[in-house]
Asker: 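Right, I'll just put the structure down here and ask away after.
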Amino acid sequence: MYRTHTCGELGLKDSGKEVTLCGWVQRSRDLGGMTFVDLRDRYGITQLVFNMETDKELCGQARKLGREFVVQAKGKVRERSNKNLKIPTGEIEIEVTELNIINRSELPPFTIEEETDGGEELRMKYRYLDLRRNSVKNNIILRHRVAQEVRKYMDSIGFIEIETPALIKSTPEGARDFVVPSRMQPGTFYALPQSPQTLKQLLMVAGFDKYFQLVKCFRDEDLRADRQPEFSQIDCEMSFVQRDDILDTFEGLAKYLFKQIKGVEFTEPFRRITYSEAMENYGSDKPDFRFGMKFQDLTTLVKGNGFQVFDGAEYIGGICAEGCSEYSRKQLDELTEFVKRPQIGAKGMVYLKCGTDGTLKSSADKFYSQEDLGKWAAAMDAKKGDLILILAGEKNKTLTALSELRLEMGNRLGLRKKNTFVPLWVVDFPLLEWDEEEKRFFAMHHPFTSPKPEDLHLMEKDPGKVRANAYDLVINGVEIGGGSVRIHDASVQQLMFKVLGFTEDEANAQFGFLLNAFKYGAPPHGGIAFGFDRWVAMFGGQDSIRDFIAFPKNNSGRDVMLDTPAQISEKQLNELQIKVDLKKQD
Ligand code: ASP
């Protein structure tokens, strides 16, 4: 038997027991006649002790142990004189009587400690060593726990987990497909699913009225901290439901997970706001509701005093930062610089300080009387001591810039607390988005999303105005999930393809299998998919999903450990009848 116990379970209650432990050498220390070795495994760290006086040879052996050696130690549990109450096993140690080196280790390229000296690239190259670090290991265990809870809950409410294939035909989720060449039908390709969207709809036609799957999805797009070329979704679909049935069901899942994983209980229903309210009031379709600072539209109020910045603007909006009227020149300059960054794009910022003594001071007070400024303050619902920040310009751009400014003020005022969670549903997204470059509409969600029935008549007349029966679950400014009620009527689906610019033949070539299925009794259905990695990262209190994935890719989509993507052999290419002819990049 390799071991009787793990390195994380022994305590005072076990004093006197003869035990055998296995693990990795975290570190060893020689103190005069004693040598101490910290032995680590997945469960924790236990201190081994060797005494020069009682067993010189064994102690000599222990002194030769290097970091990350795999060893087996036999001995007796005893109370420690110098206790470490920070770890569960810190009250005991093992007085070792036998030591076996199971495997030696080269010196690891970085220290396997919480505070490591290894940079990101190095840690990714040796990810199996990085995964030995406590924080990363715990993230992976957290991921496992969330997955188990998802399965438990979904099963308890009658959902069936069904696997769908990974070699499929292109699914239109708005990104580029990863493709896989077929050897048996040379010159043809599978696509890896951007999501199992069409397949889960086919499962509804098949009569499985409650489906879910923890599933890998693949999207060939530019990467950011919260994106990976392959990622996981909790993918769900239901039949014979309307929007609110779906929202209620998955609000149940969200509440359950928060309770089980974070111990957070939501007793009230999640707030629901429409996409247009979110955009008008917060400049974002995923507003962070941990704090207020709702926008006020000041356009009509402030125009007409000869102040060019305002008079020439399509939209003028403000936010009110409580208790910030004492902001210094320097702080205000910093904020102005912030909004002028190219990625934010405002031309400048106007402020109004509502002093604690009742004075009103603005950067535009050349153009406005105290009475005018008083009206601004009233419109903004500002109190003495508050600071009003105003941006002006083209409407959509200004709303977006104001949203960034709001988040920045939220950060500065400490209003975006890590352990506060405020979920909300954003509903009624637009069905279509106009693409200026291609001069055509694209589906904002995907082409199977149902228009709101009351907007159906606008489909051909004014497609940009049609609202979708689509929704997102947003938590703390992060889109955690999104879905929609689907089109289940072949004629509406055909109309949708028409508006998207597909000819009937193109639509049939691409989605004939779905249109065909809809001829055989498609039930009304709808669903949602949650970004599983993101949700786990949020539970783990971090922004980047990378540390919650055992073997992630870097920002250029490379797995630096496997050293891939890589070339394949001439033989493989020949079997596929593929000739690589790289175009020169300039
Ligand atoms: N397939 C969609 C997505 O991946 C989610 C859904 O509509 O259920 O975003």
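One-based numbering, in listed order, for ligands and for the atoms of each.
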Asker: Tell me whether the rings of F511 and F497 are parallel (<30°), tilted (30 to 60°) or perpendicular (>60°).
Answerer: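 Plane angle under 30°, so parallel.
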Asker: Suppose we call two aromatic rings close when their centres sit under 6.0 Å apart. Are F421 and F258 close by that rule?
Answerer: yes
Asker: Does only the side chain of Q194 get under 4.0 Å from ligand 1, or the backbone, or both, or neither? Count heavy atoms.
Answerer: neither
Asker: Which residue and atom name correspond to the protein heavy atom nearest atom 3 (C) of ligand 1, and how close is it?
Answerer: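 Looking only at protein heavy atoms, the one closest to atom 3 (C) of ligand 1 is E173 OE1, 3.5 Å.
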Asker: Side chain to side chain donor-acceptor pair (under 3.5 Å) between Q213 and Y211: does it pass, once the steps are laid out?
Answerer: CA-CA 7 Å; Q213 182 182 194; Y211 142 94; 2.8 Å; yes
Asker: May I ask you to say whether R272 pairs ionically with D248, meaning some side-chain N is under 4.0 Å from a carboxylate O?
Answerer: yes
Asker: Angle class for the F270/F266 ring planes (parallel below 30°, perpendicular above 60°, tilted otherwise)?
Answerer: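 Geometry flag for F266 against F270: perpendicular rings.
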Asker: Using heavy atoms and a threshold below 4.0 Å, how should the contact between A529 and ligand 1 be classified: side chain, backbone, both, or neither?
Answerer: both
Asker: Is any N or O atom of S484, backbone or side chain, closer than 3.5 Å to an N or O atom of ligand 1?
Answerer: no
Asker: Which bit of T449 gets closer than 4.0 Å to ligand 1, counting heavy atoms only: side chain, backbone, both or neither?
Answerer: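 Under 4.0 Å from ligand 1, T449 contributes no heavy atoms.
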Asker: Where does the angle between the aromatic ring planes of W425 and Y471 fall among parallel (under 30°), tilted (30 to 60°) and perpendicular (over 60°)?
Answerer: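 Rings of W425 and Y471: perpendicular, over 60°.
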Asker: List every atom of ligand 1 that sits less than 4.0 Å from any heavy atom of G483, numbering the atoms from 1 in the order shown and giving each element.
Answerer: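 Per the distance check, 6 (C), 7 (O).
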Asker: Can you check whether H446 has an N/O within less than 3.5 Å of an N/O in ligand 1?
Answerer: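 Yes, there is a polar N/O contact under 3.5 Å.
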Asker: May I ask you to check if ligand 1 and Q197 share an N or O to N or O distance below 3.5 Å?
Answerer: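 Yes.
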Asker: Using a plain distance cutoff, I'd like to know if R219 has any nitrogen or oxygen under 3.5 Å from a nitrogen or oxygen of ligand 1.
Answerer: yes
Asker: Specify the protein heavy atom at minimum distance from atom 7 (O) of ligand 1: its residue, its atom name, and the distance to 0.1 Å.
Answerer: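 Ranking protein heavy atoms by distance from atom 7 (O) of ligand 1, first comes R486 NH1, 2.7 Å.
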Asker: Compute the centroid of each ring, for F218 and then for F231, and state whether the two points are separated by less than 6.0 Å.
Answerer: no
Asker: Check each atom of ligand 1 against the heavy atoms of K200 and keep those under 4.0 Å away; list them by number with element.
Answerer: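 Reading through ligand 1 atom by atom, the close ones are 6 (C), 8 (O).
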